[in-house]
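This report concerns only the one structure given below.
The sequence lines fix the lettering, A, B, ..., with proteins before strands; numbering per chain opens at 1. Heavy-atom basis, side chains included; hydrogens, waters and symmetry copies ignored.
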Amino acid sequence: MENSLHSSRAEAFPAGLRVLIVDDDPTWLKILEKMLRKCSYEVTTCSLAREALDMLRGRRDRFDIVISDVNMPDMDGFKLLEHVGLEMDLPVIMMSIDGETSRVMKGVQHGACDYLLKPVRMKELRNIWQHVYRKKMHELKDIEIHGIHEDFNILCYGSEDPDDRQFVARTEMSPARKRKDLDGKELTELEFNDPSTVKKARVVWSVDLHQKFVNAVNQIGFEIGPKKILDLMNVPGLTRENVASHLQKYRLYLSRLQKQNEGPNGESRGNYELNCSNQTENFQTQGIVPSVHVGETKKAPSSDVLLSFDDKMSPKHKPSLGGTNVDREFDTSFCQYPSTLPPFAPEDAKDLFLTDYRNGHSTAIPPTTCKIDSVSLQVKRGTANAQDIGAICKLEGPTSLQDRYIDDKHSQGCFPLTYDSLPEDLHLCSVQKIGCFESLGFDGTEILRYAEESNWYDCPELNGEYSYDQVVDYSLLDEYLFA
Amino acid sequence: MEIGKLQRRYLDFTSTLFHEGFLDNQFTQLQQLQDESSPEFVLEVVTLFFEDSEKLLDELSRTLDQQAVDFKKVDAHVHQLKGSSASIGAQRVKNVCVAFRNFCEEMNQEGCLRCLRQVRNEYFLVKNKLETLFALEQQIVAAGGSVPMMW
């Protein structure tokens with residue numbers, strides 16, 4: 001039945017296009033409905049954004065395209081736009097009587113495939129089918145180059161300079177990247193497109209989703225690859241590519257935590273934990289890794305992990321907030337060392353992860369993984385020592401990353417030492433990298449707000465612009481480190 | 001009155017409305033959308049507009065009447081009214097809304113109150129005109145004729 005319906009619809013295309021119109025103005029709703037009907041489209045109207053979302057969520061394949069007004073009482077049109085893009089990956093057209101460039105820009109940034117000015121003309125509505133068609137074309141291309149993509153991902157992420165800007169651009173630029181790949185199979189910096197051209201739907205890595213991901217990775221490890229992970233996760237609508245990019249972030253996250261482990265001595269671990277628990281930190285906001293919510297309460301590990309992609313550095317990296325921040329800074333710094341660090345190869349991540357698995361940690365990254373205990377266990381290479389809570393990760397054997405920064409002899413990897421050994425310029429380097437986030441055209445703040453709304457983390461200030469001033473106060477950092 | 005005369009009167013009246021800026025091209029669009037499947041389309045839409053606008057105007061009065069005016073709220077309502085009026089082509093109402101929003105931005109209560117008065121006037125004017133227009137249409141139909149269109 002479905003098939004015949006589908007094929008008959010396909011034949012009549014664009015007639016029968018299933019449009020969902022969302023507008024709180026009843027007059028406009030009626031007019032637009034009439035216009036769309038005249039275009040032979042199948043129209044469903046909705047005056048509330050929430051209602052629209054419910055409808056969309058209820059049956060994912062019920063609509064081909066969504067048209068929504070920007071100003072609505074119950075939910076900002078841009079928010080709805082993001083939701084739809086993230087969850088349903090449908091083309092969304094924004095409408096408004098306000099045609100200010102900034103608004104239109106905002107629409108584009110949030111992923112709108114078009115922005116119509118009211119009063120809308122019939123001819124404009126007649127053409128909306130092109131957005132549906134275009135998306136379908138891209139999806140087909142995506143399927144075609146699946147295999148190439150996967151290898152490429154590993155290649156890129158594993159060995160390239162994980163310059164943050166590029167990293168984000170890469171993960172966010174799916175459609176552009178795909179187009180490029182398809183065009184010439186040129187696996188070069190073509191991927192690093194201008195982030196502002198992003199309009200691909202982004203997967204929101206909710207707590208549950210990440211949990212599934214983590215479970216899947218636990219089962220099969222990093223090395224198998226995103227496809228297997230995707231299959232294991234068994235989440236409809238999730239693509240292999242989503243998993244691949246998420247995987248990379250996860251790996252980097254783990255590597256970062258590993259660095260962190262070389263931090264304060266065992267005793268201070270406890271303090272560190274306490275500190276952690278006072279903070280709400282967001283790896284996510286560092287643009288690379290999933291969020292590690294160091295909540296006020298030691299919640300269940302899975303409850304706070306992960307958020308959607310974000311590019312902004314957390315302004316909460318204030319040294320005054322104690323150990324966590326210190327480590328965050330440290331952490332951040334490390335994250336920013338791509339140019340000087342040897343690449344974090346996938347194998348490393350695999351070791352890290354498997355180790356964790358052996359330790360019986362079902363979740364690789366509990367939110368209080370700032371509790372470096374569990375992290376340290378995770379990152380131990382080759383040793384499973386569940387009793388080592390509080391002890392710093394012992395580096396068994398050289399690792400490409402650690403060699404440079406951590407003194408193997410120091411089993412209680414003295415944080416000061418390691419940090420100390422970092423040359424000043426690297427610090428600066430990190431600041432530069434942080435700057436990269438800031439200068440990204442892609443506006444991560446909206447995602448932050450979106451995530452906020454979903455209570456995925458408790459950092460209200462995370463939507464601020466990252467500023468150099470707020471963060472990385474090295475003098476204070478040192479104070480904490482060496483205190 | 002015979003049909004021809006009624007029709008001419010109708011056309012003249014419509015033409016004036018456009019010339020005087022009460023209505024703009026959007027109204028013509030609405031008329032063009034009307035067809036056999038929705039023979040009362042324009043009337044229905046305009047009725048919705050009336051209902052919505054009067055609610056908004058009341059809201060605006062209430063909001064501007066406060067000691068501490070919430071200008072954001074006022075602006076939101078005006079924005080809605082602007083959108084609504086644009087939907088049926090009520091040009092003069094829409095234009096007052098534009099000025100109205102500027103006063104909101106400036107948080108100028110006096111200016112806002114003036115605009116409110118103005119927008120109310122314009123609204124009732126266009127409402128009156130449209131009701132006359134519909135009445136003329138009904139007369140033609142009642143006399144057995146068909147309503148002539150401008151385009």
- Message: Against B:Glu122, only a single residue in B:Arg92, B:Lys127, B:Lys94, B:Gln91 fulfils side-chain hydrogen bond (donor to acceptor under 3.5 Å, both in side chains); can you say which?
- Response: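 Exactly one candidate clears the test, B:Arg92.
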- Task: Select one option (side chain, backbone, both, neither) describing which atoms of A:Asp24 are under 4.5 Å from chain B's heavy atoms.
- Result: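 It is the side chain, since no backbone atom gets that close.
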- Message: Between A:Lys30 and chain B, with a heavy-atom cut-off of 4.5 Å, which part of the residue counts as in contact: side chain, backbone, both or neither?
- Response: both
Taking [Y]'s backbone N and O only, do any of them form a donor-acceptor pair with [X]'s side chain (distance below 3.5 Å, no angle check)?
X: B:Tyr123; Y: B:Phe50; result: yes
X: A:Asp23; Y: A:Leu29; result: no
X: B:Ser87; Y: B:Ser84; result: yes

Chain A contact via [X] - side chain, backbone, both or neither, heavy atoms under 4.5 Å:
X: B:Leu33; result: both
X: B:Glu44; result: both
X: B:Gln29; result: side chain

Pick from [options] with the largest number of heavy-atom pairs that fall under 4.5 Å of chain A:
options: B:Gln80, B:Lys82, B:His79; result: B:His79
options: B:Asn25, B:Val45, B:Leu30; result: B:Val45
options: B:Gly83, B:Gly89, B:Ala86; result: B:Gly83

- Task: Could you have a look at A:Arg121, A:Lys118, A:Met35 and say which one has the most heavy-atom pairs with chain B under 4.5 angstrom?
- Result: A:Arg121
- Query: In chain order, what residues pass the salt bridge (charged side-chain N to carboxylate O under 4.0 Å, His left out) check against B:Arg62, with sequence neighbours excluded?
  - Reply: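 Counting only residues at least two positions away or on another chain, B:Arg62 forms a salt bridge (charged side-chain N to carboxylate O under 4.0 Å, His left out) with B:Glu59.
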- Item | Least distance between heavy atoms, B:Gln66 atom then B:Thr63 atom |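 Taking B:Gln66 first and B:Thr63 second, the nearest heavy atoms are CG-O, 3.1 Å.
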- Starting at CG of A:Asp76, measure out to CG of A:Asn71 and round the result to the nearest 0.5 Å. 7.5 Å
